[in-house]
Amino acid sequence: MFPREFAWGAATAAYQIEGGWQADGKGPNIWDIFCHEKGRVFEEHNGDVACNSYELWEKDLECIQQLGLTHYRLSLSWARLLPDGTTPHVNQKGVQYYNKVIDDLLACNVSPMVTLYHFDLPQALQDQGGWKSPDIATLFDSYAKFCFQTFGDRVKLWITINEPYVCAKFGHEDGIHAPGLKEPGTAAYLVGHNMLRAHAMAWHSYNSFYRTKQKGAVSLAINSDWHEPLHAGCTEDIAATERYFAFTLGWFAWPVFVTGDYPELMRSSIDAQSKKMGCSGSSRLPSFSKDEPAILGTADFFALNYYTSRKVKPGGGCGKMCMVCDQDAEVVLDPSWPICGVSWLAVVPHGLRKLLKYIKDTFNNPAVYITENGFSQVGPLQIEDVQRSGFYKDTILEVAKAIQEDEVNVRGYFAWSLLDNFEWADGFSVRFGLFHVDFADAKRSRTIYQSGRDQQKKRCHLTCHIEKNPSKTQLSYCRHAA
Ligand code: PNW
């Protein structure tokens with residue numbers, strides 16, 4: 001049975017939905033700049049207007065209510081609150097906007113989960129070196145304290161940083177996300193390191209100054225696919241899978257949940273590769289300083305973004321210095337897993353159950369929120385999105401099994417996303433919403449998908465029973481009088 005207080009939510013991120021990129025004193029951020037450069041994003045799309053949630057928040061609230069969600073995960077735009085990224089310059093209009101969002105949610109009995117950073121660094125801070133600069137950690141900590149101080153009387157679930165892996169690798173190794181840097185084999189490790197330092201400082205600030213009064217919980221959202229060896233039983237594939245996990249989930253989860261430091265396998269692989277390439281000297285993977293706040297123990301729950309699964313085998317590197325060469329592992333798609341929508345998204349609901357069990361066993365049985373999970377659509381619009389609807393049903397059943405049969409402490413599930421929105425480098429060509437947004441319409445009208453309507457029914461999951469017969473867990477829906 002899903003616990004009575006289980007969180008049923010949907011998620012969004014500021015840059016992907018808000019628009020209002022120059023409204024009311026907001027400062028520019030790295031995605032504003034990146035999108036306005038030629039050739040960065042699909043058909044030069046950008047988030048200047050997006051879903052226009054900056055003006056149309058009340059429409060979003062109607063969508064949230066229509067779905068019957070108990071929780072809504074949103075992110076704050078750092079540059080909307082602090083136009084140059086620093087606390088001496090507060091944009092009161094930005095504060096008012098998020099105050100209204102939070103107050104409206106609470107008035108409708110919906111709990112906010114708030115992400116401080118979802119890919120959108122103030123450009124002023126990028127100009128000072130961005131996430132590569134060690135100073136970013138204290139700047140982030142000041143921003144975090146400002147947010148706890150301003151909104152923490154009402155927000156009880158906080159995510160400091162969303163997907164540090166994606167920020168580090170896509171933004172600084174591959175250059176396909178803002179700030180568009182391509183510095184393979186070095187910058188991503190530095191960025192990941194500073195993100196962990198920033199996260200830890202913010203967690204310690206919350207812990208020391210706000211927790212007693214505000215009684216909330218703070219974590220960081222870690223994205224991970226489920227990985228398994230290409231050939232079960234093949235020693236090389238098994239070792240490659242371990243390395244793959246070390247370089248993705250382990251990169252951020254190991255320091256926070258297990259040792260306070262990177263997985264040993266990650267460091268030894270990087271150092272071995274450096275040696276092979278004739279580079280000596282200090283490791284490309286930075287070390288944590290004993291003089292700074294500890295990283296270990298800086299998460300009050302495990303926040304997981306899960307989308308897909310992969311098979312793993314050794315190799316895949318380019319022969320030059322890069323992360324893939326370091327990890328000496330590449331992923332392969334299982335042909336039996338359907339690709340739906342965007343090319344990277346193989347639909348594998350049972351991979352989520354396996355990953356949840358892995359997290360329970362590896363990270364000492366933490367409370368887990370699935371902070372993102374979803375199914376994309378490309379090409380012609382299908383409002384009757386039966387496949388996505390089936391996907392959600394299958395996935396929620398896997399979560400139920402994880403809770404019931406594997407005894408994973410799952411506390412909530414957030415669908416990505418409430419709305420079709422700006423899907424980063426894919427622009428508006430990939431649609432993840434439970435509501436369709438018409439981007440050709442100046443009013444950005446929202447229309448519920450079939451999957452959204454079916455999600456309404458799942459509102460009853462809140463109270464519904466998972467009937468466990470000896471062989472398998474089944475969901476049964478039953479309406480519960482409020
Ligand atoms: C997440 N990939 O990012 C983000 O948190 C969301 O903002 C995003 O819209 C969502 O997943 C769907 O993509 C990812 O290419 C972006 O593997 C790209 C990938 C994975 C996650």
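Numbering of ligands and ligand atoms starts at 1, following listing order.
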Under 4.0 Å between heavy atoms, the region of T308 that gets near ligand 1 turns out to be neither
Run the side chain to side chain contact (heavy atoms under 4.5 Å, CB included) test against E62 and tell me which residues pass, sequence neighbours left out. K59
For the pair R310 and E228, evaluate salt bridge (Lys or Arg N to Asp or Glu O under 4.0 Å) and give the outcome as yes or no after the intermediate values. CA-CA 7 Å; R310 295 282 188 262; E228 45 192 62; over 6 Å; no
Under a 4.0 angstrom heavy-atom cut-off, which atoms of ligand 1 come close to W424? 6 (C), 7 (O), 8 (C), 9 (O)
Quick check: N162 and ligand 1, any N/O pair under 3.5 Å apart? yes
CG/L419 to SG/C51 distance, rounded to the nearest 0.5 angstrom? 5.0 Å
Measure from atom 2 (N) of ligand 1 to every heavy atom in F432, W344, W416 and give the option owning the shortest one. W344
Under 4.0 Å, counting heavy atoms only: does N223 come that close to any atom of ligand 1? no
Atom indices of ligand 1 within 4.0 angstrom of H118 heavy atoms, with elements: 4 (C), 5 (O), 6 (C), 7 (O)
What is the nearest protein non-hydrogen atom to atom 4 (C) of ligand 1, stated with its residue, atom name and distance? E372 OE1, 3.4 Å
Using only heavy-atom distances, determine whether the side chains of D225 and S309 contain a donor-acceptor pair under 3.5 Å. no
What residues, two or more places apart in sequence or in another chain, satisfy salt bridge (charged side-chain N to carboxylate O under 4.0 Å, His left out) together with D420? none
Look at atom 13 (O) of ligand 1 and say which protein heavy atom is nearest, naming residue and atom and giving the distance to 0.1 Å. E423 OE2, 2.5 Å
Considering non-hydrogen atoms of the protein only, which is the closest contact for atom 18 (C) of ligand 1, and what is the distance? F170 CE2, 3.7 Å
So which protein heavy atom does atom 10 (C) of ligand 1 come closest to, and at what separation? Y307 OH, 3.2 Å
More than 12 non-hydrogen atoms from neighbouring residues, nucleotides or ligands closer than 6.0 Å to CH2 on W254, yes or no? no
Cation-pi check for F432 against R388: NZ or CZ below 6.0 Å from the six-membered ring centre and within 45 degrees of the axis, yes or no? no
Using a 4.0 Å cut-off to any heavy atom of E163, which atoms of ligand 1 qualify? 1 (C), 3 (O), 4 (C), 5 (O), 14 (C), 21 (C)
Is the NZ or CZ atom of R411 positioned over F6's six-membered ring, under 6.0 angstrom from the centre and within 45° of the axis? no
